[in-house]
Peer 1: 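Please see the structure below; I have some questions.
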Amino acid sequence: MRNTITYRGFTFPAKKIARATIGLEQSLPILTLGIDTFEAEVKCSDPSIEHFQQNEPVIYAHRKKQMGIYYLQSVERVSPDHYTLSAVSTLGLLEQMDFYGGIYTGETVAEVVAAICGSIPYIIKSNLQNIKLYGWLGIMSSRLALQQVLFAIGANLVTDANGVLRIENLWDGISGVLDKAKIYMDDASVKRDPPVTSVTVLEHQYIPGTDRKDLFEGTATEGQRIPFDSPMSDLSAEGFSILESGTNYAVVSAGSGKLTGIPYTHTIAEVTKSVSNAPIKNEERIENATLVSLVNSNAVAERLSAYYASRQTIHVAARIQREHPGQVVQIYHPFDKKMVQATIATSDVNISRVLKSDLTVLVDFVPPQSSDVAYFDTRVILTGNGTWTPPEGVDEATAILISGGHGGASGLFGGLPSKGQDSGGTSEWFVIWKDRDVGTGGEGGEPGEPGNGARILRLSLTGLTQSGPINFSCGLGGKGGLAQTDLSISPTANISVAGEAGTDTIFGSASTATGVESDVGYLDPVSNTVFGAKGKRGAKGGKGGSKKTDGAFGEIEPGPDLIYEGVVYHAGANNPDTAYGSTLQRFSDFMPNKPHITATVGAGGKYGAGGGAAVGEDGHIADVKGFGVVTSGASLANTTATGYGGPGGKGGDAVKPPRPVAYGMGGTGGHGGGGPGAPGVSRAEVSYSGVSSSDRPFSPPKPNLVVDTAESLSSRGLGSDGGDGADGCIILYFRSPKIIKKGALVTKDHSFFCDASGRLIIT
């Protein structure tokens, strides 16, 4: 039997196959992954053939050899005993599967493909398994996700006759000869597309951000999946729980609330390769391949450049045997009347006594091999000054030059406290007083602005084998701005001083002087480390202790503790001594007509509140007690009693932030000093003793009662100097030469062993 189709318990020999076609395709630049199709009209007297389950296998054999396995999608009855079976290849099963993607920071092809394919059988050639992937995949079908992986590594997908997916490089040797005797000249055509002048590939980076974003707000049902349009990190939920999450989604419990996350910052760079010098510009752009990063962008652009250099396509019918898309063949040119080399792109096979296929072939295109692709697998970081000699065999590389980071601006010292409320009155016991309550502690000093990111310059280096050693000098980080230390100046003179700019990094004749500053910096895909970004903002100083909200007279609450990078800096505590520091003076015979009445004049104050914290130092307890002063005049009427509340505790002095670890980072902004605590309560009073009922009404002379605060400018915590910027560096990426060691598949001249057809043997 030349052709047979087997489906469930049915076997259809050639005489029961009215027609059958197979649609095969291979995207040579791997821009798409087309699903192979199988359609057959068969004669069947059993109507149960219609009762199928989706994805049941359909096996096609030619001359008793299995040619493929397909998965049923529909059965259509076209006559009383004729049915059309429509099926798809294994890739069609991947199209039915959802893949939820993620951020990739060096996961291998083997790891990512395993997550994509799940239970679908596949084989990855050993030379591709450990290639590392960098970038992002969103939510998509598993087929589209696999296409992104293949495009990133320059591999193709071939489906074996048993349905197993094979991820490999297409062979560049001749797989078949389609001479004049096998060509059908009817309806043959040759198309030549206009020349492509250049191809541009976008290189993607995804850098962790800092600003939180609302992702969902409302009522969620149990197990609801919330997808995101772009990658997110650090998810947080209020009102419901996160049951499961990834970069692109969250599954939540039932409840009403809000889901937030921090978006990644997406940056792009263009990599352009020239294809031809045609007079009319015709550029091809690849923008949405989000697994294209610095380590493979050059390789991707080179592959596309080779593909777009071939512009002649032949459409012709031919009698084939096992030739299929992706194979290189010698084929008879229907119009030039000669044999040419071409790669099959599509094949629509009509199943009959012979296999006739409508072919599309790309003339003069040869599939690239992994050994020919400059996929960068080595990274070198240069620091300081010196000379770099390209390793033997390395002819091209990409260099990222990062200048020294700017220094951060200085932080400010703490602000002044404000006074409390005054009150006073007279009691029936003939006591006259005036009070001042605890005020409000000084605000913490504002932090300085962070230093700007480095100037970054990217270089594509070629001809390194002839260049010889290259001199380099990495820039130094700028110094942070110096903080104000004169606390006697007015608050308006308390200003932040900007840091210095970092110096430039030089590599050969190139300098970051022509580079561009970046707030987000450059993400090294190998280490997943951000270099050259804007520095961090410093921390504001803590507020000083104040009157307790809705508290009783004189009740103090300390300022808040300050938490910075996981370290807690405590506000100054309340002084446990709550007694007045006072001055008293007695006055007798101040009323000559009533010598039995005595007046006592007093004034005093208590300790103030504790000072606010700063990064590097806790706030201080108030250690100067309040006091009173009584100034006697010739009589009680011209005597003054003044009570002074003790000054608040000193705010903590901030310490200078350390230099960032990552190269080229801007310095951290200086931290603000702690605010001083509020001054303590103060009181001035006069009391009269010896007053009898016969003395009433009683209208004695009164002293001048004054309440005040003993402020101290030195109680303000000092802001810190701005942090120094980090020194710059040079990051080099290149492909290390592969040293072929002697072994079973290596010849004595250190070449790989090939089979009789010249094919490289890769297991």
Peer 1: Hey, which of I103, L144, T247, L291 is the one that makes side chain to side chain contact (heavy atoms under 4.5 Å, CB included) with L137?
Peer 2: L291
Peer 1: I need the minimum non-hydrogen distance between P660 and M665, along with the two atoms involved.
Peer 2: CB-CB, 3.6 Å
Peer 1: Using a 4.5 Å cut-off on heavy atoms from C-beta on, say whether the side chain of L304 contacts that of F151.
Peer 2: yes
Peer 1: Will you find, in the side chains of S347 and S357, an N or O donor that is under 3.5 Å from an N or O acceptor?
Peer 2: yes
Peer 1: With heavy-atom distances below 4.5 Å as the criterion, would you say the side chains of V526 and Y134 are in contact?
Peer 2: yes
Peer 1: Applying side-chain contact (heavy atoms from CB on, under 4.5 Å), run through N298 and E396 and close with a yes or a no.
Peer 2: CA-CA 10 Å; N298 189 63; E396 61 181 329; 3.4 Å; yes
Peer 1: If I take atom OH from residue Y206 and atom OG from residue S293, how far apart are they, to the nearest 0.5 angstrom?
Peer 2: 11.0 Å
Peer 1: Are L146 and I167 side-chain neighbours, meaning at least one heavy-atom pair lies under 4.5 Å?
Peer 2: yes
Peer 1: Do the side chains of L294 and I400 get nearer than 4.5 Å, heavy atoms only?
Peer 2: yes
Peer 1: Testing the basics here: between S276 and P195, what is the closest heavy-atom pair and its distance to 0.1 Å?
Peer 2: OG-CB, 3.9 Å
Peer 1: Drop me the distance from Q26's CD to T360's OG1, to the nearest 0.5 angstrom.
Peer 2: 13.5 Å
Peer 1: Of E287, E284, E283, which is the lone residue that meets side chain to side chain donor-acceptor pair (under 3.5 Å) with T200?
Peer 2: E283
Peer 1: For R322, does the CZ atom sit with more than 12 other heavy atoms under 6.0 Å from it, leaving out its own atoms?
Peer 2: no
Peer 1: Find out whether L133 and V109 are in side-chain contact, i.e. whether some heavy atom of one side chain is under 4.5 Å from a heavy atom of the other.
Peer 2: yes
Peer 1: Below 4.5 Å, heavy atoms only, C-beta onward: do V361 and V340 meet side chain to side chain?
Peer 2: no
Peer 1: May I ask you to check whether T465 and D395 show a side-chain donor-acceptor distance below 3.5 Å?
Peer 2: yes
Peer 1: Does D193 come within less than 4.0 Å of K191, counting only side-chain N to carboxylate O?
Peer 2: yes
Peer 1: Using distance alone, with no hydrogens and no angle criterion, decide if S473 and N385 have a side-chain donor and acceptor under 3.5 Å apart.
Peer 2: yes
Peer 1: Check the pair E168, N156 against side-chain contact (heavy atoms from CB on, under 4.5 Å), reporting the backbone distance first and the verdict last.
Peer 2: CA-CA 6 Å; E168 60 185 15; N156 292 78; 5.8 Å; no
Peer 1: Which heavy atom in I506 sits nearest to a heavy atom in I730, and how many Å separate them?
Peer 2: O-CD1, 4.0 Å
Peer 1: Does W388 have its ring centroid less than 6.0 Å away from the ring centroid of F472?
Peer 2: no
Peer 1: Can you check whether I314 reaches H333 side chain to side chain, under 4.5 Å on heavy atoms?
Peer 2: yes
Peer 1: How close do Y522 and Y733 get, counting heavy atoms only, and between which atoms?
Peer 2: OH-OH, 2.8 Å
Peer 1: Going through the checks in order, is the side-chain hydrogen bond (donor to acceptor under 3.5 Å, both in side chains) test met by T512 and D504?
Peer 2: CA-CA 5 Å; T512 53; D504 283 304; 2.7 Å; yes
Peer 1: Using 0.5 Å steps for rounding, measure from the CG atom of N528 to the CD1 atom of I207.
Peer 2: 10.0 Å
Peer 1: Can you tell me how far CD of E323 sits from CG of L24, rounded to the nearest 0.5 angstrom?
Peer 2: 12.0 Å
Peer 1: A side-chain contact here means heavy atoms from C-beta on lying under 4.5 Å apart; do H266 and T290 qualify?
Peer 2: no
